[in-house]
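First up is the structure itself, then whatever we jot down about it.
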Amino acid sequence: MPALQPVRGTHDILPEEILRHRHVEEVARATSALYGFAEIETPIFEFTEVFARTLGDTSDVVTKEMYTFEDRGGERLTLRPENTAGVARAFISGGLSQRLPLKLFYRGPMFRYERPQKGRLREFHQVGVELFGVADPIADVEVIALGDQFLETLGLKHRVRCELNTLGDMESRRAYRERLVAYLRDFRDRLSEDSRERLERNPLRILDSKDERDRAIVAGAPAMDEAMTDDARRFFDALRDGLERAGVAYVPNPRLVRGLDYYCHTVFEFITTDLGAQGTVLAGGRYDGLVEQMGGPATPGVGWAAGVERLAMLVETAPEPTRPVAVIPFSAAGAAKGLEITQMLRRAGIAADMGYSGNLQKRMKRADKLGARATVLLGEDELSRGAVSVRDMATGTQEEVPIVGLVDRLAAFG
RNA sequence: GUGGGAAUAGCUCAGCUGGUUAGAGCAUCGGAUUGUGGUUCCGGGGGUCGGGGGUUCGAAUCCCCUUUCCCACCCCA
């Protein structure tokens, strides 16, 4: 194993790249703040049961994708594969149930042991939100509208579409599951191998199978709609009405099913066609039973998570690095003065850099490469008059400025 | 976990059916230009051809193993 290689599925985020990532995170944080969500940070590892119990015994995330290990004290720990379970745990252990409704935003690394592809990594980053304590679909509307505005602010509105579905309440879901399995049993031998497996473990997943044969069979399957209780139906109608009032465009997709066991009622995905098979960029849903299942007070919840790397690949406008002022001495004597002036500028809040070596020409080139807006030139003549020359790097114009007035003059460069 | 493609300089890539010292563009460094950047011109450095083994007089090129990336499936952000 070549040592100087990052672990499979992990990668370094280099300075140019991290500007895009930070931009995605900051837009998410700012948009969440507009909707009243406060930031929370939870540990990147938890006791294994936190995830194993909540995500479901049949989900792939639990059965084959967790980074689980034993620490020196013999505890079974897992690097978080997602953060809803961790935030729900914090909600319970931190006594936050006293402060409902509660809106939380988070960001950070997640870990899944999967086969890497573009937009699919073993360590990746998510931003996400969770809203606890509101059973009314108004909460779902807010959460989805927040996701929609977040993506719009990133300039991605034209590249994603929001797909929406309902899984119904627990009763609807159980009833539908029975109907679906009863129907599919008759076609068992004609289903794909994967789907025969799913028939036992997670039959709803067969609905969004990509296999041609499965699709043909699924086309004739009973619709989720038929098994819906009146309550579940009203919930979904209210959600759709709310989304229209909130100005969120969406496409109903009756075959949208999500993998984690804790979802009920609302499920949604914001999807792009620009990232190959990894088109889901932001996704979530309602998880009313989760907190109670973990041992907390019965508390409804709804939220989503978005993939920072996937979004960063789509975002076209990356913020520019800060452009410094370059301080350039002409001589050894000037270099001492240059240090003083550079520090004076920095303490005044002006980004400044001083070339470390080379002749004048070389330092000018370096200043150009740094993207300097202006250079401060320390010539012997000017210094003898207590002044320096300030060169505007965009226009090439240059003027002499007394050192005492330098900070004010440079502030004008913005 | 299953199936397929790829890996040559910091980056993007040439290198035909195995044949001398492995190339180009960009980047980098130096010079033309020791009080002035972007353009131009000249020159330099940089590669165990992903790693290991095999076939051969001879392997970047053919074979096997391995690592990583990419594509599809599974699944997901």
Side-chain angles (χ1 to χ4, degrees), chain A residues 1-11 14 16 24 28 55 58-65 81-84 107-128 147 160 192-195 197-198 201-202 205 208-211 214 257-260 269-272 275-284 304-314 326 328-332 334 355 358-383 388-398:
Chain A
M1 171 61 161
L4 296 180
Q5 190 172 289
V7 172
R8 181 175 203 191
T10 67
H11 70 316
L14 302 176
E16 316 85 71
V24 169
L55 303 183
T58 61
S59 74
D60 278 33
V61 170
V62 171
T63 54
K64 55 185 203 195
E65 293 176 3
E82 55 95 54
N83 207 25
T84 298
R107 53 147 295 282
M110 308 293 159
F111 306 84
R112 290 183 198 172
Y113 189 88
E114 290 188 277
R115 186 115 156 210
Q117 256 175 265
K118 188 199 279 297
R120 168 182 294 164
L121 299 156
R122 288 184 171 184
E123 181 190 29
F124 61 104
H125 296 77
Q126 286 187 333
V127 290
V160 298
S192 67
E193 204 174 316
D194 282 331
S195 284
E197 177 78 13
R198 286 188 278 234
R201 289 175 35 194
N202 200 346
R205 293 239 67 116
D208 65 352
S209 171
K210 289 176 187 168
D211 188 282
D214 291 350
V257 177
R258 296 189 50 74
L260 308 180
E269 293 190 358
F270 285 77
I271 297 170
T272 176
L275 290 178
Q278 281 70 246
T280 302
V281 115
L282 182 153
W304 52 251
V308 174
E309 282 83 358
R310 288 184 186 179
L311 289 171
M313 283 191 285
L314 293 175
I328 301 183
F330 288 9
S331 65
N359 58 28
L360 175 58
Q361 210 186 122
K362 221 173 291 175
R363 291 183 199 226
M364 285 297 285
K365 280 192 178 174
R366 208 162 291 148
D368 195 50
K369 247 161 235 165
L370 285 173
R373 336 186 279 267
T375 47
V376 173
L377 298 158
L378 312 187
E380 308 303 317
D381 296 348
E382 296 95 313
L383 285 177
V388 296
S389 288
V390 172
R391 183 181 181 84
D392 183 325
M393 293 298 274
T395 63
T397 55
Q398 199 165 312

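In this text the structure is predicted, and so the values were computed from the model without any measurement. Convention: sequence-line order gives letters A, B, ...; per-chain numbering from 1.
Among the atoms of the strands shown, only primed sugar atoms or phosphate atoms (P, OP1, OP2) are found under 4.0 Å from some heavy atom of G276(A). Within the 4.0 angstrom heavy-atom criterion, no nucleotide atom of any strand lies near E123(A). Within the 4.0 angstrom heavy-atom criterion, no nucleotide atom of any strand lies near N359(A). Using a 4.0 Å heavy-atom cutoff across all strands shown, E82(A) reaches no nucleic acid atom at all. Here G284(A) lies out of heavy-atom contact (under 4.0 Å) with every strand. Counting non-hydrogen atoms under 4.0 angstrom, A305(A) reaches the backbone sugars and phosphates but no base. Among the heavy atoms of the strands lying under 4.0 Å from E114(A) is at least one base atom, whether or not backbone atoms are also near. Heavy atoms of A326(A) sit nowhere under 4.0 angstrom from any nucleic acid atom. Here L282(A) lies in heavy-atom contact (under 4.0 Å) with sugar-phosphate atoms only.
Separation of the P atoms belonging to C65(B) and G23(B) is 32 Å when rounded to the nearest angstrom. As rounded to the nearest Å, U55(B) and C75(B) have C1' atoms that lie 42 Å from one another. Between C69(B) and C64(B), the two P atoms lie 22 Å apart (nearest whole Å). Separating the C1' atom of C76(B) from that of G38(B) is a span of 47 Å, rounded to the nearest Å. Between the C1' atoms of A77(B) and G53(B), the separation comes to 41 Å (whole Å). Nucleotides A60(B) and U17(B), compared at atom C1', are 15 Å apart to the nearest Å. U36(B) and U28(B) have their C1' atoms separated by 22 Å, with the value rounded to a whole Å. Look at the P atom in both C63(B) and A27(B): the space between them is 37 Å, to the nearest Å.
Checking the phosphate oxygens (OP1, OP2) of C75(B), no side-chain nitrogen or oxygen of R122(A) falls inside 4.0 Å. Between K369(A) and A27(B), a side-chain N or O to OP1/OP2 separation shorter than 4.0 Å is absent. Phosphate contact (OP1/OP2 of A72(B), side-chain N/O of Q117(A), threshold under 4.0 Å): present.
Residues G147(A) and L282(A) approach most closely at CA-CD1, 4.0 Å, considering heavy atoms. Across every non-hydrogen atom of S209(A) and D214(A), the tightest pair is OG-OD2, 2.8 Å. In terms of heavy-atom proximity, Q278(A) sits nearest to K118(A) at NE2-O, 2.9 Å. F111(A) approaches F124(A) most closely through the heavy-atom pair N-CE2, 4.3 Å. Across every non-hydrogen atom of L377(A) and M364(A), the tightest pair is CD2-SD, 4.0 Å. Heavy atoms only, all atoms of each residue included: R205(A) and R258(A) are closest at NH1-C, 3.5 Å.
Comparing C76(B), U28(B), U68(B) against the side chain of R310(A) picks out C76(B) as the nearest. Proximity note for R258(A) (side chain, C-beta onward) versus A77(B), U36(B), G38(B): the nearest is A77(B). Of the candidate nucleotides C75(B), A77(B), G37(B), C75(B) has the atom lying nearest to any side-chain atom of R198(A). Taking the side chain of R115(A) as heavy atoms from C-beta on, and the options G1(B), C75(B), G35(B), the nearest nucleotide is G1(B). Closest approach to the R112(A) side chain among C75(B), U36(B), A77(B) is made by A77(B) (side chain taken as heavy atoms from C-beta onward). Out of C75(B), G30(B), C74(B), the shortest distance to the side chain of K64(A) is found at C74(B). Of all nucleotides listed (U68(B), C75(B), G37(B)), C75(B) comes nearest to the side chain of R205(A). Of the candidates G35(B), U28(B), C69(B), the closest approach to any side-chain atom of P116(A) belongs to C69(B). Relative to the side chain of R8(A), the nucleotides U36(B), C69(B), U67(B) differ in distance, and C69(B) lies closest. Closest to the side chain of Q398(A), from the set G37(B), C75(B), U36(B), is U36(B).
In this entry the distance linking NZ of K362(A) with P of G35(B) reads 13 Å, nearest Å. Look at CG on D211(A): it is 12 Å from C1' on C74(B), rounded to the nearest Å. Rounded to an integer number of Å, the gap from L370(A) CG to U28(B) P is 12 Å. Between L275(A) atom CG and C70(B) atom C1' there is a gap of 14 Å when expressed in whole angstrom units. Regarding R363(A), its CZ atom lies at a distance of 17 Å from the P atom of G38(B), rounded to whole Å. Whole-Å rounding puts the F111(A) CZ to C75(B) P distance at 24 Å. Note: CG (D368(A)) to C1' (U28(B)) measures 16 Å, nearest angstrom. Going from atom CZ of R373(A) over to atom P of G37(B) covers 21 Å, rounded to whole Å.
Taking for each of T375(A) and R366(A) the nucleotide of RNA chain B with the nearest heavy atom, the 5'-most of the two is the partner of R366(A). Heavy-atom distances to RNA chain B give each of Y113(A) and D381(A) a nearest nucleotide, and the one nearer the 5′ end belongs to Y113(A).
Contact annotation: the side chain of E197(A) never approaches that of E193(A) to less than 4.5 Å [non-hydrogen atoms, C-beta and beyond].
The closest donor-acceptor contact from the side chain of R310(A) to the backbone of T280(A) lies under 3.5 Å.
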**OP:** For T10(A) and E123(A), run side-chain hydrogen bond (donor to acceptor under 3.5 Å, both in side chains): C-alpha distance rounded to whole Å, both residues' side-chain angles, the deciding distance at 0.1 Å, then the answer.
**Re:** CA-CA 5 Å; T10(A) 67; E123(A) 181 190 29; 5.7 Å; no

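Aromatic stacking is not marked for F330(A) over G35(B), as the cut-offs of 5.5 Å for the centres and 30° for the planes do not both hold.
When both distances must be under 3.5 Å, the Watson-Crick or G-U wobble mate of U56(B) does not exist. The base-pairing partner of A24(B), taking Watson-Crick or G-U wobble contacts with both distances under 3.5 Å, is U12(B). Shown here, C73(B) forms a base pair with G1(B); the pair counts as Watson-Crick or G-U wobble because both key distances fall under 3.5 Å. Base pairing analysis places U68(B) opposite A6(B); the two distances defining the Watson-Crick or G-U wobble pair are each below 3.5 Å.
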